[in-house]
Protein chains: 2
Amino acid sequence: MASIKDIAKKAGVSISTVSYALNGSSKVTDETCARILAIAKELNYVPNAAARSLKKKESKIIGAFLPDFSGGFYGDLLQGMKGTLIQKGYDLVVCSGPQSHRLLAEKLFDGALILDHTFSDEQLLNFAELGHRLVVLDRELNHPNINHVLLDNKAGASLAMEYLIDLGHRKIYVVTGPEGSYDSKQRIAAVRQTVERSSDVECIEIPGDFNRSGGERAGKQIAAEFAGPVAVFCLNDEMAIGMYDYISETDLEMGKDIHIIGFDNIELSEYIRPRLATIDYSKKKWGSLASEQLIKIIEGKPVENERIYVTLVKAESVKPV
Amino acid sequence: MASIKDIAKKAGVSISTVSYALNGSSKVTDETCARILAIAKELNYVPNAAARSLKKKESKIIGAFLPDFSGGFYGDLLQGMKGTLIQKGYDLVVCSGPQSHRLLAEKLFDGALILDHTFSDEQLLNFAELGHRLVVLDRELNHPNINHVLLDNKAGASLAMEYLIDLGHRKIYVVTGPEGSYDSKQRIAAVRQTVERSSDVECIEIPGDFNRSGGERAGKQIAAEFAGPVAVFCLNDEMAIGMYDYISETDLEMGKDIHIIGFDNIELSEYIRPRLATIDYSKKKWGSLASEQLIKIIEGKPVENERIYVTLVKAESVKPV
DNA sequence: CACCGGTGTCGAAACGATTCAAACAGAATG
DNA sequence: CATTCTGTTTGAATCGTTTCGACACCGGTG
């Protein structure tokens, strides 16, 4: 691979001149510049990322960290991030899993967007302390190098519960997320608040994991205890899908025996039948807002923590009692 | 951020000794080594990726290039890649879009897995010529630095067509992929071969784009020409979903007026109703096989081009005529 | 005691770029 | 003709690692 040195030799100029020419500095004559660029093209020259970021201490790359590469959930989010970042002159790469933490630590990126519970709060604060710029989407963290863009979980969960209650449901199962999840905690809190306000509602919490399998397990339990129509609020759509999967193999019927609402409005929710009621928000906007915040931090501009608003999606999976 | 130099100063040893200690070289005394490691921990030392890869000319990172971050299709594929690569001591990052080509060019990765039509064949051959190691999943390319792992498109397309024909369908629309797509070309070729073998089949090709919108357009055309039950082979599931979307707004019925089969068996296909008949293959295996090949190339071991086998998934979207 | 081999440590070069400050050439000025 | 200025080019240092070859030290050997 040709380096700047090869170009310099071939052009009979110094390395620094080549560098200036390549970077379009006005210092070098148009003629020299043209000659150097021609030679660069001829030699198939591409700058070496490692060398450049070693010297400049920036890579113009942003890392997005997700818990996994699965499914419809992250597509829009990433698209939102990508669009904004490209516009600001940055590239986006996506990483997943604890093994990839090193990529963050080793300063491969100019900043990172985090929606990944495999990072602990302490880890992230530690990274921030070492100078890494972060935007977190799944927790609240206060540090000058960290900003958070969060969903309005409480509004969403209240919306969902009120929807069920307004339609006359009085026995409501709530399938929760994993212990440590900030989103789950927030949603649970709002559920409890809403239930407290209406005296005659029976609310039963079932621990889940935000995955399909958790929804299946919960479905199993609900089916076993079944004694007449019930409502279920799955704290995310994935678990709702899991519950559909399980219930479809019993003689219970979704939208009739079991009235269900999810949270997230993932792509699948629109296609399953009966269509899943859920809480919607713009994943694309979430991604683009988070990216904007990150760039602001990197550029040293002031930032405010932002919030993403949510709306209720009514559908046939929930009917009046 | 602490560097190796800071550690050296604090430990009162030379830079090289620190480097050896950090890399677990046997040259340095256990005692010195322990002291250095303690100081490194204390200073929150993390090696600098840029510096290391500049010197070592390797990053232990593999890039996966996809056309977009969307949907259920890539999840399993990436999981397959990730699993294998981790095991071999490499990390995986995912890139998308033409802007990200530079990441490949700038030698950020030790190798790349390519399933992305935004790269031209010439570009890839050029990269290979410059020393980049590639495995392509969406084309055939012959170069010592490139390996390909391809689907058995022809078998799949034949399987699909024969399924329709065996069930008595004689008028078959085929919705194709974009012009340049290798997969589309292969599938079309097999379709034509199959049709030639059975004299009384009428086969009408409609250009598509492998996206949902292409399926919608094709659905519109088919609905407009509708004059009794027909079969449709969408060359991928995405387009089939698009066709469902369109047809659901007409008074035609999938699985009755329009019998449809797709290709890829994406996650959604299992959930739409009537369930979509399709061609299945293990995306996870595809990813892991491709990764294995890539590592072999990097390590200079001999490789053979491999093929992924496919199977037919029968479902209610296709009924006998 | 001179010599040798092995161990542990160090200095310096190198990787490929950027960038500061110095050097230089040539034109313009006094 | 000496001086200053402007504009272009250059040398050298630097970023944070790795790694080669040199070197000093030590115990053992002949």
Side-chain angles (χ1 to χ4, degrees), chain A residues 1-37 39-40 43-61 102-110 130-132, chain B residues 1-37 39-40 43-61 102-110 130-132:
Chain A
M1 297 211 30
S3 81
I4 216 174
K5 211 182 279 181
D6 302 314
I7 302 180
K9 199 174 299 171
K10 188 147 190 176
V13 298
S14 77
I15 288 180
S16 29
T17 305
V18 176
S19 176
Y20 287 129
L22 256 21
N23 292 302
S25 159
S26 58
K27 309 174 89 179
V28 45
T29 330
D30 288 356
E31 187 215 359
T32 324
C33 185
R35 193 160 46 93
I36 289 175
L37 291 183
I39 292 177
L43 294 181
N44 272 310
Y45 171 78
V46 181
N48 178 297
R52 191 183 331 93
S53 51
L54 173 59
K55 179 63 193 175
K56 298 193 67 172
K57 295 177 169 310
E58 67 171 24
S59 61
K60 290 289 176 184
I61 307 177
R102 72 157 177 113
L103 302 180
L104 214 191
E106 291 176 358
K107 217 50 183 113
L108 199 62
F109 309 127
D110 291 350
L130 291 172
H132 292 87
Chain B
M1 297 213 27
S3 81
I4 217 174
K5 212 182 277 181
D6 303 313
I7 303 180
K9 199 175 297 170
K10 187 148 191 176
V13 298
S14 78
I15 288 180
S16 32
T17 304
V18 176
S19 176
Y20 287 129
L22 256 21
N23 292 303
S25 159
S26 58
K27 307 175 91 179
V28 45
T29 330
D30 289 356
E31 187 215 0
T32 323
C33 185
R35 193 160 47 92
I36 290 175
L37 291 183
I39 294 177
L43 295 181
N44 272 311
Y45 171 77
V46 181
N48 179 297
R52 190 180 336 91
S53 50
L54 173 59
K55 181 64 193 174
K56 298 192 68 171
K57 294 176 169 309
E58 67 170 25
S59 62
K60 290 290 176 184
I61 306 177
R102 72 158 176 113
L103 302 180
L104 214 192
E106 291 176 358
K107 211 68 179 101
L108 199 61
F109 309 127
D110 291 350
L130 290 172
H132 292 86

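Chain letters run A, B, ... following the sequence lines, proteins first and then strands; every chain starts at 1.
Side-chain N/O atoms of Thr17(B) include none lying less than 4.0 angstrom from OP1 or OP2 on dT9(C). Listed pair Asn23(A) / dT18(C) meets the phosphate criterion, a side-chain N or O lying under 4.0 Å from OP1 or OP2. Side-chain N/O atoms of Ser19(B) include none lying less than 4.0 angstrom from OP1 or OP2 on dT19(D). Ser16(A) has no side-chain polar atom (N or O) that falls below the 4.0 Å cut-off from OP1 or OP2 of dT19(C).
Rounded to whole Å, the distance from NZ on Lys27(A) to C1' on dC24(C) is 14 Å. Taking atom CG of Leu43(A) as the reference point, atom C1' of dG16(C) lies 15 Å away to the nearest angstrom. The separation between Glu31(A) atom CD and dT8(D) atom P is 11 Å, rounded to whole Å. As a whole-Å value, the separation of Glu58(A) CD from dA17(C) C1' is 13 Å. Atom-to-atom, CG of Asp30(A) to C1' of dT9(D) comes out at 15 Å; the value is rounded to the nearest Å. Per the geometry, CZ belonging to Arg52(B) stands 9 Å off C1' belonging to dT17(D), to the nearest Å. Rounding to whole angstrom units, NZ of residue Lys107(A) and C1' of dG16(D) are separated by 14 Å. Between Tyr20(A) atom OH and dA22(C) atom C1' the separation is 11 Å, expressed in whole Å.
Distances from the side chain of Lys55(B) to the nucleotides dT17(D), dA17(C), dT19(C) place dT17(D) closest.
At least one donor-acceptor pair closer than 3.5 Å links the side chain of Ser59(B) to the backbone N or O of Leu108(B). When atom types are taken as modelled, the side chain of Asp110(B) and the backbone of Lys60(B) share a donor-acceptor pair closer than 3.5 angstrom. Here the side chain of Thr29(A) pairs no donor or acceptor atom with the backbone of Glu31(A) at under 3.5 angstrom.
Near DNA chain C, meaning a heavy atom under 4.0 Å from it, residues 5-13 of chain A has Lys5(A) in order of number.
Using a 4.0 Å heavy-atom cutoff across all strands shown, Val46(A) reaches sugar-phosphate atoms only and no base atom. Contacts of Thr32(A) with the nucleic acid, taken as non-hydrogen atoms under 4.0 Å apart, involve only primed sugar atoms and P, OP1 or OP2.
Contact record, Ala2(B) with Leu43(B): CB-O, 3.5 Å, taken as the closest heavy-atom pair. Contact detail for Ala11(B) and Ile36(B): the closest heavy-atom pair is CB-CG1, 4.4 Å.
A residue-by-residue look at Ile15(B) and Ala51(A) shows that Ala51(A) has its nearest nucleotide of DNA chain D further toward the 5' end. Of the two residues near DNA chain C, Lys57(B) and Ser14(B), the one whose nearest nucleotide lies more 5' is Ser14(B). Comparing Cys33(B) and Tyr45(A) against DNA chain C, the residue whose closest nucleotide sits nearer the 5' end is Cys33(B).
Applying the 3.5 Å distance criterion, the base of dT18(D) shares no donor-acceptor pair with the side chain of Lys56(B).
Looking at Glu106(B) and Arg52(A), a side-chain N of the basic residue comes within less than 4.0 Å of a carboxylate O on the acidic one, giving a salt bridge.
Thr17(A) and Ser14(A) form a side-chain donor-acceptor contact under 3.5 Å, judged by distance and modelled atom types alone.
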Step-by-step side chain to side chain contact (heavy atoms under 4.5 Å, CB included) determination, Tyr45(B) to Leu22(B): CA-CA 10 Å; Tyr45(B) 171 77; Leu22(B) 256 21; 3.5 Å; yes
